[in-house]
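Working notes, structure below.
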Protein chains: 2
Amino acid sequence: MARVKMEDVAKLAGVSKSTVSQYLNKRYEYMSIETRQRIEQAIKETGYQRNVVARSLKVKKTHTIGVIVANILHYFSTAISRGIEDYCNKHGFNVIVCNADDNPVKEREYIEMLLAKQVDGLILASTNENNDLLKKLVEGGFPLVLVDRKLDGIEADGVFSNNVKASVDAISHFIKLGHRSIALFSPAIKKLSQRKERYEGYLRALSQHHIEIQEQYIKFVDKISDTRKIILELLHLPVPPTALFCTNDLTTIETLKVLKEEKVNIPSDIAVIGFDDSPWLQLLEPPLTTVVQQTYDMGVKSAELLLNKIENPHSKHCTVHIMDCQLIVRESCGFLRAGVD
Amino acid sequence: MARVKMEDVAKLAGVSKSTVSQYLNKRYEYMSIETRQRIEQAIKETGYQRNVVARSLKVKKTHTIGVIVANILHYFSTAISRGIEDYCNKHGFNVIVCNADDNPVKEREYIEMLLAKQVDGLILASTNENNDLLKKLVEGGFPLVLVDRKLDGIEADGVFSNNVKASVDAISHFIKLGHRSIALFSPAIKKLSQRKERYEGYLRALSQHHIEIQEQYIKFVDKISDTRKIILELLHLPVPPTALFCTNDLTTIETLKVLKEEKVNIPSDIAVIGFDDSPWLQLLEPPLTTVVQQTYDMGVKSAELLLNKIENPHSKHCTVHIMDCQLIVRESCGFLRAGVD
DNA sequence: CTGTTAGCGCTTTCAA
DNA sequence: TTGAAAGCGCTAACAG
């Protein structure tokens with residue numbers, strides 16, 4: 001049970017602990033080919049595995065990073081962590097993923113726990129509510145990468161979607177098809193940059209096309225269980241919207257459920273664009289048009305930034321990657337509407 | 001930056017390192033309330049966080065467990081790891097999740113890496129190809145829990161679905177609706193117990209109802225990209241099946257794609273039952289009948305077994321949980337067919 | 001009630 | 001080309 005230690009190997013090979021250590025760290029330069037083979041042999045015989053904990057204590061590197069995701073229920077979080085894990089494993093790093101559940105208290109606890117574990121760096125999609133702590137870390141030179149969500153007053157490496165553009169693209173698509181009454185259905189913004197930006201993109205697209213912004217078409221939901229109420233409100237407006245943009249995956253799913261139950265036809269009664277990808281989307285009837293983020297690649301990229309920072313901790317330079325989203329046009333918006341300029 | 005250590009706290013509080021250690025480990029018994037407060041104060045002032053790596057080296061417990069899942073692309077793996085993580089985090093354990101990609105070599109590397117990291121235990125959905133190593137671990141008393149897949153010749157704690165029954169239920173459902181030509185579409189079995197059992201359930205259900213087993217209705221796929229070819233083969237049979245059971249989520253998705261493209265109507269041309277759950281299922285047209293495993297709970301349960309084993313390493317007793325699956329009947333099997341006994 | 005001491009298993013000068 | 005020795009930060013007898 002990993003009970004055998006360096007000393008045992010050393011004894012068996014007839015050398016000292018330090019020589020074995022040299023061998024393990026691939027410092028072969030001044031080692032006779034003969035001792036090297038003896039050590040190799042001894043390791044094989046004993047089944048020796050070096051104790052990474054002891055090593056970490058000494059070298060002050062754990063080769064482990066921490067990841068805190070916002071809400072693991074979202075496919076988005078899962079995809080990001082997969083990207084991170086794949087990249088890290090390929091580069092000999094381990095990953096501890098924690099799910100903060102969009103809860104600032106949990107988030108803080110996880111950050112502290114991961115630091116106590118001596119992780120070499122941190123990737124996080126933060127609530128934007130622990131900026132005091134994070135600021136201190138960044139200023140102390142601790143390797144940190146933000147993903148998905150920008151943080152007020154914190155300058156750090158980061159990987160973000162171009163959410164404003166994503167929204168503008170989606171809304172512009174509606175407009176091109178002749179829609180003028182376009183609703184937005186978003187989770188409550190709180191302090192989250194990506195939500196703010198998607199809202200901003202909605203406003204901007206409408207303005208650019210000189211379409212009046214109507215408060216009644218803009219809906220933020222606090223508890224996802226309120227979806228039905230809100231969608232019905234929209235549908236029962238004197239002039240109901242002809243198009244609806246849902247700005248994340250959970251709101252998209254819940255909206256579609258309600259529309260299906262209410263037998264509202266997509267796209268003839270209302271055109272719909274959703275957010276985020278899933279293998280099931282193209283199986284829907286009609287197949288759903290969505291804005292797709294490069295989630296997996298965002299994970300990979302953020303891991304890359306972090307490992308770079310870890311290798312090279314003194315670069316003061318901040319790198320920020322903005323990743324474009326793609327509007328995947330399927331059939332849930334129909335075709336050009338009649339009566340359009 | 002976690003730079004402050006126990007000694008600094010001790011100095012500031014005017015006590016010795018060991019007293020601080022006592023405090024941290026909540027051995028208050030013989031500690032004057034006064035020193036206790038002084039230490040508390042000193043910790044607050046310095047922002048001390050104890051170094052878990054050093055502690056682990058000493059106490060030979062890392063409070064970390066390793067999880068190796070088969071294929072993180074499956075919602076199934078994700079759901080299990082979520083269950084594990086939730087339970088572990090609640091009990092002060094960390095989790096390192098590794099994705100073996102159904103690759104025995106990767107799996108072995110991960111096992112060794114996790115052992116080198118001195119994890120306190122391991123949960124795995126194994127390829128069944130590293131049994132030599134695993135057997136040694138179990139025999140050495142190392143805490144190990146199997147999940148989803150049984151292993152040949154290894155007696156260990158485990159949590160599994162009742163796959164035979166799940167299959168029997170699905171096929172019986174078809175039979176009750178009047179189907180007699182029932183096809184099975186499964187990933188290649190290799191050495192995987194859960195696949196074997198689902199196949200077994202298929203055979204058993206047919207036998208129980210005195211329906212002849214027809215080789216041409218039984219399809220195993222090696223590369224998922226072969227799905228189209230195989231499904232078309234089935235459809236073009238002289239007597240094509242009227243019902244199709246897909247035994248995991250990937251085969252289900254790919255099959256549905258092909259059926260949709262080929263404009264094969266579900267359920268009138270062919271009835272379909274899939275495997276595993278997704279929030280999107282009820283949005284399909286028709287909503288898909290599936291066999292649902294208690295994935296999240298399987299994760300929780302396996303974590304529970306593992307932490308028990310870790311607390312109590314000398315119990316020779318093996319606990320195995322078999323979790324029932326549920327057939328969620330939606331509309332993809334239609335109703336009772338005409339011309340039936 | 002608190003401090004002294006001896007490691008946990010490994011790395012890394014430095015000296016031989 | 002190899003070995004001796006010190007120490008990473010913490011814990012746990014044991015002594016006082």
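A, B, ... follow the sequence lines: proteins, then strands. Residue 1 opens every chain. These values consider heavy atoms only, across backbone and side chains, with no hydrogens, waters or symmetry-generated copies. Computed from a prediction, not measured in an experiment: that's the story for all the values here.
- Regarding contacts with the backbone of C/dC8, every side-chain N or O of A/Asn51 stays at 4.0 angstrom or more from both OP1 and OP2.
- Judged by closest nucleotide on DNA chain C, B/Ser16 is the one of A/Asn25 and B/Ser16 placed further toward the 5' end.
- Contact between the side-chain N/O atoms of B/Tyr48 and the OP1/OP2 oxygens of D/dC10 is found at a separation under 4.0 Å.
- Residues B/Gly14 and B/Lys60 each lie close to DNA chain C; by heavy-atom proximity, the contact nearer the 5' end of the strand is made by B/Gly14.
- Summary of the strand contacts: B/Leu57 and B/Ser18 both lie near DNA chain D, and taking for each the nucleotide with the nearest heavy atom, the more 5' one is attributed to B/Leu57.
- For the pair A/Thr19 and D/dT2, the criterion of a side-chain N or O lying under 4.0 Å from OP1 or OP2 is not met.
- In this structure, A/Arg36 forms a cation-pi arrangement with A/Tyr28, its terminal cationic atom sitting closer than 6.0 Å to the ring centre and no more than 45° off the ring axis.
- With hydrogens and angles ignored, no donor-acceptor pair closer than 3.5 Å exists between the side chain of A/Lys17 and the base of C/dG9.
- Note on B/Ser56: every side-chain N or O is 4.0 Å or more away from OP1 and OP2 of D/dC10.
- Between B/Lys106 and B/Glu109, no side-chain nitrogen of the basic residue sits less than 4.0 Å from a carboxylate oxygen of the acidic one, so the salt-bridge criterion is not met.
- Going from atom CZ of B/Phe160 over to atom OG of B/Ser193 covers 6.5 Å, rounded to the nearest 0.5 Å.
- Residue B/Arg50 has no polar side-chain atom (N or O) positioned under 4.0 Å from OP1 or OP2 of D/dC10.
- Distances shown here put every side-chain N or O of A/Thr35 at or beyond 4.0 Å from the OP1 or OP2 atom of D/dT1.
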